[in-house]
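Small disclaimer: the values here were computed from a predicted structure and weren't measured. Letters A, B, ... are given to chains in the order of the sequence lines, protein chains preceding strands, and every chain is numbered from 1.
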Amino acid sequence: MRAAVAAFRMQLGLAFRTPNFWMAQLTTPAQTILFLSVVNAFDRPDLIAYAIIAPTLITMWNTGVWTGGSVVRDDRWQGRLELHAAAPTSYGIVVPARVAAVMTLALTVIPIALATAWLTYGIEIDVQHPWLLVATMVLIVVGTTGTAAIITSMTILSRAANTLQSSASYPFLLLGGVFVPLALLPVWARPLGRAVFLSWGSDLVRDGITQPTVDGVPGRLMILAGLGLAGFVVAHRLIRVIMRRVRVTGEISIQ
Amino acid sequence: MSAVVKTQALRREFRARRSKSGPVVALDGIDLTVEQGEIHGLLGPNGAGKTTLVKILTTILIPSDGTATVLGFDVVDQVEEVRRRIGLVFGGDRGLYTRLTARQNLDYWAALYDVPAATARTRVGSLLERVGLAERADDRVEEFSRGMRQRLHLARGLVGDPEVLFLDEPTVGLDPMASLRFRELVGEIRAEGKTVFLTTHDMAEAEAVCDRVSLIDRGKLLTTERPAVLGRWLNRFEWVEVHELPADLIARFQSMPGVSSVETRPDGWTRVQPDADGVAHGVLEVVVGSGITAVRTGSPSLEEVYLHVMGGRGMEL
Amino acid sequence: MSALRVAAQAALVGFEDTRAQYTWASWLFGWMVRATAQVLFFTAMGLLLDSESLILFAFIGNVAAMPALHGMAVGPDTAWERGLGTLPLLVAAPRSMLPVFAGRSSFYIAQGVGEGFLIFALLAPFLGFEGLWWWLPPALLVVSLGSYGLGLFLAACAIRRPRIGNILFNIAFWGIVAIGGVNVPTEVFPQWVQTMADFLPLHHGLLGVREVLSTGPSWEAAQQFGLELTIGAGWFLAALVAFKTFAESGRRDGTIDLVE
């Protein structure tokens, strides 16, 4: 536990000092304007919340995949991976903790998107179910952390880590129903999307903000939590298996 | 004295992914013992297998065959026990979080080595003091010189208060002053009762710091000796090179007792290699007495020491 | 060596660098999957707004944004040049750095046009596109050339502080996509935003693309492409000045040999 907290704090310190980390936050205003301009052009005030939620989730997801996904690669390139392998604390604990730090900082995108909407279009969001929203966002952070931890752990074995990171962004955002709900996508895409925790999270966030009553909250939260935590568990196990395999093949020494 | 590190018939192969040839044998049946409280050097050229051995002993790599134990714990089956008791220091620039401060780096690793918070605070402070970085403790590592980074590496390796410290080419790339300072630190560590295992390709460093030195080449352990013994081999093996040595002198040296080889290179220099005491002096007398002035002498390189050791020559003292 | 020869040599280096970075598999299953999904993501907005015209509008807009993305990618690429430590050697060379950087990244233009057309060809049949698609490649080439100058200008800004290269690039790209008529016509924005878009790449080029896809070559399309290239040339000149300024100030304060 202490090691996980230390890893979390260490990554916070690193993130603050890394300009690239803030890139997602800095592009959020432009993306918020992009979605709001579309919704505005079609005179659809009922979709304004969608237009603010989308850039928020895009930023959080991309932060997880890119910055969180770089944790292991950076350790490997800088010769720190072997030092972690020799330490008593499992890398399977360190990596999720560090990715979680990145994701927690990514939450700063929410006030940025809200401020952009207010400054540009004078929009103020009225949240129907604040606690549902908070719970959902926390679970989205957990789920994104788990998924990003899986992606970053794959970079230990894969020389083409960039390939994984590239293909893990927009395909997931599309199937995750981040702007266009899954229910509106082609029928064949829906089962795929339901396997992505993000689709459950996107629907719940939208409902939590816009709907007077939300159906099936406990079940949907459980599915979101289950899928998200499954990612965490898979990442932890995967890292252990990968580290063991790398010790056998010697690939950890390949820089 | 008990054995702190023990390997038996230790073997490690690597399969090259895209190569059509067979596996590369990095370690070939290593039998090595490191005693408690000693500074044990592993000396060898690049590619000899030094780093591979360190990685196995520090649980980063699994051996292909044979066994290795550290403090009685098997490096394959009792990994956690080994990791809790060792420290590891690599040479070179990498391995630190350069955007963090020295203190932040050590705090992080202290937590990963299960050092309780209060103890970690004190220990980090005293380690920084010890390696001479106390005044720069809160500066970012990216501002540090190479020597400072290497000292921070050493502090990082000690943050878990290990019983055995593994140093893999710790002074590579350091200037002489920095190297000297680093060696002094290593000496202090041994004085605390810790065991140190150090790899290097620098003969002088091995002699200066180590209680015993093992020679390794192409994955095989050649011998383990005290540095003084190795030093004596070096004196004996001092060679003489002559430019445009006449054929009659070449023939004379070839048949001279105590000369192991006479080889002429395309650049016109002939090397006369003695393998007995006092022979170099005799060769020089002959050469200078013949009026030849283009002469030079020198100690053999590490590779040349190996050739002789592997050939079984010069082993008698 | 003339500037053109220097640029040609540099282009070869840039091409080899990209080949070293990507295999066919990683380009196809990594980058192309992402790029296609990105176009689809914004195209799908039409499903939510229940508008077929938005689907096609956003589709063409986001396809055209691909060459713009690549054209501007010179920025981070150049910051990498600095990280290699080769920058001092370039500054010491007798020629301006500009032909080198321009040539180095010129392969991005070909890549952007090719990818944009490929994505279009993949998705157009499913989206019910009916238009003069054969005019798309040359139209995309104009778009890519138009954004190249801005990319180089950003590269010059990033050269003093390479860590911000990626950030500048992304802010600029998304800013242009937001207001440049990619997903909605620029007329929905206030006048001052429209004016800003007028002086940035992509906006006029995209109008030309839409025109030429629906009616073929026309005076209207030629005007828009002309404006796009003029704006691109303007940014190119700005890049020239910026590079020269950087070289001189870097020599003065000794920051040129920083390797980050």
Side-chain angles (χ1 to χ4, degrees), chain A residues 1-22 67 70-71 73-95 97-98 101 156-160 240 243-255, chain B residues 12-17 23-24 26 51-52 54-64 75-76 79-101 104-105 107-117 120 140 142 153 156-157 159-160 166 168:
Chain A
M1 187 64 189
R2 169 165 145 71
V5 170
F8 186 95
R9 287 178 62 186
M10 188 277 282
Q11 192 67 35
L12 281 184
L14 264 186
F16 273 117
R17 294 181 172 103
T18 308
N20 265 348
F21 171 78
W22 299 102
T67 308
S70 301
V71 162
R73 185 179 55 214
D74 290 348
D75 268 356
R76 186 184 179 196
W77 281 358
Q78 297 297 322
R80 298 182 291 248
L81 192 58
E82 288 164 331
L83 298 177
H84 279 96
T89 302
S90 167
Y91 206 41
I93 292 173
V94 167
V95 169
R98 289 171 60 185
I156 300 175
L157 275 187
S158 167
R159 288 173 190 268
R240 286 177 72 103
M243 291 295 267
R244 165 122 190 145
R245 197 193 133 175
V246 161
R247 286 170 66 213
V248 168
T249 62
E251 289 227 25
I252 203 170
S253 304
I254 297 170
Q255 296 293 342
Chain B
R12 173 70 214 198
E13 291 176 2
F14 290 99
R15 279 171 208 291
R17 258 200 276 196
V24 171
T51 299
T52 303
V54 167
K55 286 182 176 174
I56 288 176
L57 295 174
T58 55
T59 74
I60 295 173
L61 274 181
I62 291 176
S64 307
V75 299
V76 176
V79 161
E80 301 302 326
E81 303 299 329
V82 173
R83 289 176 181 170
R84 262 196 274 280
R85 293 168 171 81
I86 62 170
L88 170 59
V89 178
F90 284 132
D93 258 340
R94 300 178 313 151
L96 297 165
Y97 289 98
T98 54
R99 295 215 178 127
L100 299 182
T101 66
Q104 284 171 329
N105 269 274
D107 282 341
Y108 174 66
W109 287 106
L112 261 56
Y113 276 84
D114 289 332
V115 180
R140 290 202 211 178
E142 62 192 357
H153 268 299
R156 193 210 73 84
V159 82
F166 292 89
D168 189 28

Mind telling me whether B:Tyr97 and A:His84 have parallel, tilted or perpendicular rings, with 30° and 60° as the class edges?
perpendicular
So which part of B:Pro63 gets closer than 4.5 Å to some heavy atom of chain A, the side chain, the backbone, both or neither?
neither
Where does B:Ile56 contact chain A at under 4.5 Å (heavy atoms): side chain, backbone, both or neither?
neither
So, the side chain of B:Arg99 versus the backbone of A:Phe16: is there a donor-acceptor pair under 3.5 Å, distance only?
no
If you count heavy-atom pairs under 4.5 Å with chain B, which of A:Leu83, A:Thr89, A:Val248 comes out on top?
A:Leu83
Heavy-atom distances under 4.5 Å only: say whether B:Val79 touches chain A with side chain, backbone, both or neither.
side chain
Which bit of A:Val94 is near chain B, if near means a heavy-atom gap under 4.5 Å: side chain, backbone, both or neither?
side chain
Distance in Å, B:Gln104 CD paired with A:Arg9 CZ, rounded so as to fall on 0.5 Å steps
9.0 Å
Taking the side chain as every heavy atom from C-beta outward, state whether B:Thr98 and A:Gln78 have any pair of such atoms under 4.5 Å apart.
no
Examine whether an atom of A:Ser90 lies under 4.5 Å from a heavy atom of chain B, and if so say whether it belongs to the side chain, the backbone or both; otherwise answer neither.
neither
With distance as the sole test, does A:Arg2 use its side chain to make a donor-acceptor pair with the main-chain N or O of B:Asp114 at under 3.5 Å?
no
Check whether B:Ala26 gets within reach of chain A through its side chain, its backbone, both or neither, counting any heavy atom under 4.5 Å.
neither
Return the option, out of A:Ala3, A:Ala86, A:Ala7, A:Ala6, with the maximum number of heavy-atom pairs under 4.5 Å with chain B.
A:Ala86
My understanding is that only residues two or more places apart in sequence, or in another chain, count here; which of them pass side chain to side chain contact (heavy atoms under 4.5 Å, CB included) with B:Asp168?
B:Thr51, B:Val54, B:Phe90, B:Thr199
Flag the one option from B:Leu100, B:Val115, B:Thr58 with the top tally of heavy-atom pairs under 4.5 Å to chain A.
B:Leu100
Close side-chain approach of B:Leu112 and A:Met10, heavy atoms under 4.5 Å
no
B:Arg15 side chain reached by A:Thr249 side chain, heavy atoms, under 4.5 Å:
no
Are more than 12 heavy atoms from other residues, nucleotides or ligands located less than 6.0 Å from atom CZ of A:Arg244?
no
Side chain to side chain contact (heavy atoms under 4.5 Å, CB included) partners of B:Glu81, counting only residues at least two apart
B:Phe73, B:Gln78, B:Arg84, B:Arg85
Answer with side chain, backbone, both or neither: which region of B:Val159 has an atom nearer than 4.5 Å to a non-hydrogen atom of chain A?
neither
Quick check for you: to the nearest 0.5 Å, what is the distance between B:Asn105 atom CG and A:Arg80 atom CZ?
8.5 Å
